[in-house]
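Working notes, structure below.
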Number of protein chains: 2
Amino acid sequence: MQFSKSTDYALHALLHLGHSERHGNVGIKELSGTLGVSESYLSKIMSKLRQDGIVRAIPGVNGGYELARPADQISFLEVIQVIEGRQQWFECSNTNSQQHSLLADNGTVQRGRERSDNCQCLVEKVMNGAELHLYQYLREHTIQTTLDEAFNRCNNEVNKK
Amino acid sequence: MQFSKSTDYALHALLHLGHSERHGNVGIKELSGTLGVSESYLSKIMSKLRQDGIVRAIPGVNGGYELARPADQISFLEVIQVIEGRQQWFECSNTNSQQHSLLADNGTVQRGRERSDNCQCLVEKVMNGAELHLYQYLREHTIQTTLDEAFNRCNNEVNKK
DNA sequence: ATTAATATAGATCTGTGATATCCATAATAT
DNA sequence: ATATTATGGATATCACAGATCTATATTAAT
């Protein structure tokens with residue numbers, strides 16, 4: 001269970017775009033050179049980001065990519081979901097098994113019609129909670145906040161001296 | 001990016017063991033039957049859990065598995081890490097690239113010897129934060145708390161009537 | 001208009017890891 | 001002794017991440 005390299009590339013590329021915003025477009029050559037990854041591969045990733053309206057692409061000479069929105073409206077969560085897909089991070093594969101009905105009998109009489117409601121997979125319940133928890137964090141962190149933090153960190157370092 | 005089925009099986013198996021604690025051992029046959037997965041495959045998973053001291057294994061006739069510790073000392077985090085491995089969920093693959101040094105020049109003069117300290121990968125910094133955040137949640141949720149929640153949920157349902 | 005630069009989309013290749021099964025071996029209760 | 005149970009090794013299969021190549025479309029500059 002690991003985030004893909006594509007996600008890594010996407011986030012780094014967006015940070016680069018955010019950082020170079022005043023200088024206009026950034027071509028795939030500059031991007032791939034900076035990140036140390038092939039143009040071909042990075043193109044695919046940038047295409048995905050474009051299809052989801054995170055970046056704009058300008059074809060032709062002097063073309064390239066730029067952020068399609070202000071950097072504070074591009075969250076880590078959205079980027080991750082575009083690249084990794086929007087499927088749940090945990091899915092119970094035992095829904096057909098006896099597991100859940102067995103546990104449902106835990107000291108109480110359980111009527112059949114209630115089962116689907118309040119006796120869903122216990123594991124999934126916890127894991128979905130974890131997922132929502134994580135979403136919150138990843139929603140609060142944007143390309144902008146990340147750039148800002150870097151800026152402040154370096155400034156503080158200088159002021160301390 | 002998804003949790004593996006093995007993790008699913010492991011957590012369900014442990015819930016089953018926790019639930020059947022008073023009845024003694026549970027053999028692989030009962031476990032695999034309840035979860036709807038082959039004995040062979042589940043064995044491997046149980047072996048891992050044993051090697052990490054989460055369950056005890058009793059070979060021979062009437063053997064089986066039982067929790068090696070109280071259910072409230074087996075967290076989701078530990079189970080996940082045993083099955084999925086303890087590698088980070090995000091690793092920056094661009095450490096050699098120019099990305100980070102470029103961003104480090106963000107409006108401040110940066111001395112070379114400080115870089116390794118305070119100008120590490122920005123993406124990794126955010127993602128590691130997310131990981132720690134998630135760890136906290138997964139540490140607080142144990143086999144016991146999950147069983148308890150199921151019990152309370154069903155009880156409340158009954159009392160409401 | 002032509003050319004060079006740039007992005008896009010399709011096809012394909014490769015390696016790795018998750019999922020799964022089978023078999024031989026060890027341990028233990030009856 | 002025998003049947004039962006767990007363990008470990010070897011292996012098979014399959015999907016997917018990672019990556020590359022080529023052909024095509026679009027645009028700026030000449």
Side-chain angles (χ1 to χ4, degrees), chain A residues 1-10 12-13 17 24-33 35-68 80 82-85 87 89-94, chain B residues 1-13 17 24-33 35-68 80 82-87 89-94:
Chain A
M1 150 94 173
Q2 250 198 297
F3 287 95
S4 67
K5 287 194 180 186
S6 296
T7 295
D8 180 301
Y9 297 146
H12 277 94
L17 293 186
N25 296 338
V26 180
I28 196 71
K29 265 201 183 100
E30 178 177 337
L31 274 179
S32 72
L35 299 192
V37 58
S38 81
E39 300 180 27
S40 308
Y41 193 43
L42 190 54
S43 297
K44 305 279 185 195
I45 296 168
M46 298 310 293
S47 261
K48 264 194 197 170
L49 293 177
R50 182 190 59 83
Q51 284 165 14
D52 260 74
I54 294 180
V55 302
R56 252 190 304 272
I58 300 111
V61 178
N62 296 331
Y65 300 94
E66 61 186 10
L67 297 185
I80 289 170
V82 166
I83 303 296
E84 309 263 341
Q87 53 187 333
W89 291 353
F90 183 90
E91 281 174 31
C92 175
S93 51
N94 295 337
Chain B
M1 151 96 172
Q2 251 199 298
F3 286 95
S4 68
K5 287 193 178 185
S6 296
T7 295
D8 180 300
Y9 297 148
L11 288 168
H12 277 94
L17 293 186
N25 297 338
V26 179
I28 194 71
K29 264 201 184 101
E30 179 178 336
L31 274 180
S32 72
L35 300 193
V37 59
S38 81
E39 300 180 27
S40 309
Y41 193 44
L42 190 54
S43 299
K44 304 281 183 193
I45 296 168
M46 299 309 294
S47 261
K48 263 194 197 171
L49 293 177
R50 184 190 59 83
Q51 285 165 13
D52 260 73
I54 293 180
V55 302
R56 253 190 304 271
I58 300 110
V61 178
N62 296 332
Y65 299 95
E66 61 187 9
L67 298 186
I80 289 170
V82 166
I83 303 296
E84 310 261 341
R86 286 186 157 74
Q87 52 188 333
W89 292 353
F90 183 90
E91 280 174 33
C92 175
S93 52
N94 295 338

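Values below: all heavy atoms of this structure, side chains included; hydrogens, waters and symmetry mates excluded. A note on names: the letters A, B, ... follow the listed sequences, proteins ahead of strands, and every chain is numbered from 1.
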Nearest whole Å is fine: how far is dT6(C) P from Y65(A) OH? 12 Å
Where along residues 52-60 of chain A does a heavy atom fall under 4.0 Å from DNA chain C? A57(A), I58(A), P59(A), G60(A)
Residues in residues 37-44 of chain A with a heavy atom under 4.0 Å of DNA chain C, by number, are S43(A), K44(A)
Evaluate the side chain to side chain contact (heavy atoms under 4.5 Å, CB included) criterion for residues I28(A) and L42(A): first the C-alpha distance (whole Å), next the side-chain angles of each, then the deciding distance (0.1 Å), finally the verdict. CA-CA 8 Å; I28(A) 196 71; L42(A) 190 54; 3.9 Å; yes
First and last nucleotide of DNA chain D, 5' to 3', lying under 4.0 Å from heavy atoms of chain B: dA3(D) to dA10(D)
Got a sec, which residues hit side chain to side chain donor-acceptor pair (under 3.5 Å) with S32(B), two or more places apart in sequence or on another chain? none
Which value, rounded to the nearest 0.5 Å, describes the distance between Q87(A) atom CD and W89(A) atom CH2? 10.5 Å
Whole angstroms only, please: what is the CD1-P distance between I45(B) and dT19(C)? 8 Å
At under 4.0 Å, does any side-chain N or O of R50(A) touch on OP1 or OP2 of dT8(C)? yes
What residues, two or more places apart in sequence or in another chain, satisfy salt bridge (Lys or Arg N to Asp or Glu O under 4.0 Å) together with R56(B)? E66(B)
Dump the intermediate steps for side chain to side chain contact (heavy atoms under 4.5 Å, CB included) on N62(A) and N25(A), then the final yes or no. CA-CA 8 Å; N62(A) 296 331; N25(A) 296 338; 5.8 Å; no
Drop me the distance from I83(A)'s CD1 to D8(A)'s CG, to the nearest 0.5 angstrom. 11.0 Å
Drop me the distance from I45(B)'s CD1 to H12(B)'s NE2, to the nearest 0.5 angstrom. 12.0 Å
Please list, chain by chain and in numerical order, all residues satisfying ring-ring contact (aromatic ring centres under 6.0 Å, His included) with F90(A), sequence neighbours excluded. none
In whole angstroms, how far is the P atom of dG17(C) from the NZ atom of K48(B)? 12 Å
Within residues 1-9 of chain A: residues closer than 4.0 Å to DNA chain C (heavy atoms): none
Pick the closest DNA chain D nucleotide for S47(B) and for V61(A) by heavy atoms, then say which residue is nearer the 5' end. S47(B)
Mind checking salt bridge (Lys or Arg N to Asp or Glu O under 4.0 Å) for E91(B) and listing every partner two or more places apart, or none if nothing turns up? none
Value in whole Å for how far the P atom of dA9(C) lies from CD1 of I28(A): 13 Å
To the nearest angstrom, how far is E30(A) atom CD from dA7(C) atom P? 11 Å
Using the test side-chain contact (heavy atoms from CB on, under 4.5 Å), find all partners of A13(A) that sit at least two apart in sequence or belong to another chain. L31(A), L35(A), M46(A)
Please list all pairs meeting side chain to side chain donor-acceptor pair (under 3.5 Å) that have one or both residues in residues 38-51 of chain A, counting only residues at least two apart or in different chains. S6(A)-Y41(A)
For A68(B) and G53(B), work out which heavy atoms get closest and say how close. CB-O, 3.5 Å
By side chain to side chain donor-acceptor pair (under 3.5 Å), E84(B) pairs with (sequence neighbours left out) S4(B), T7(B)
For E84(B), report the nucleic acid contact type (base, sugar-phosphate, nothing); a contact means any heavy atom under 4.0 Å. nothing
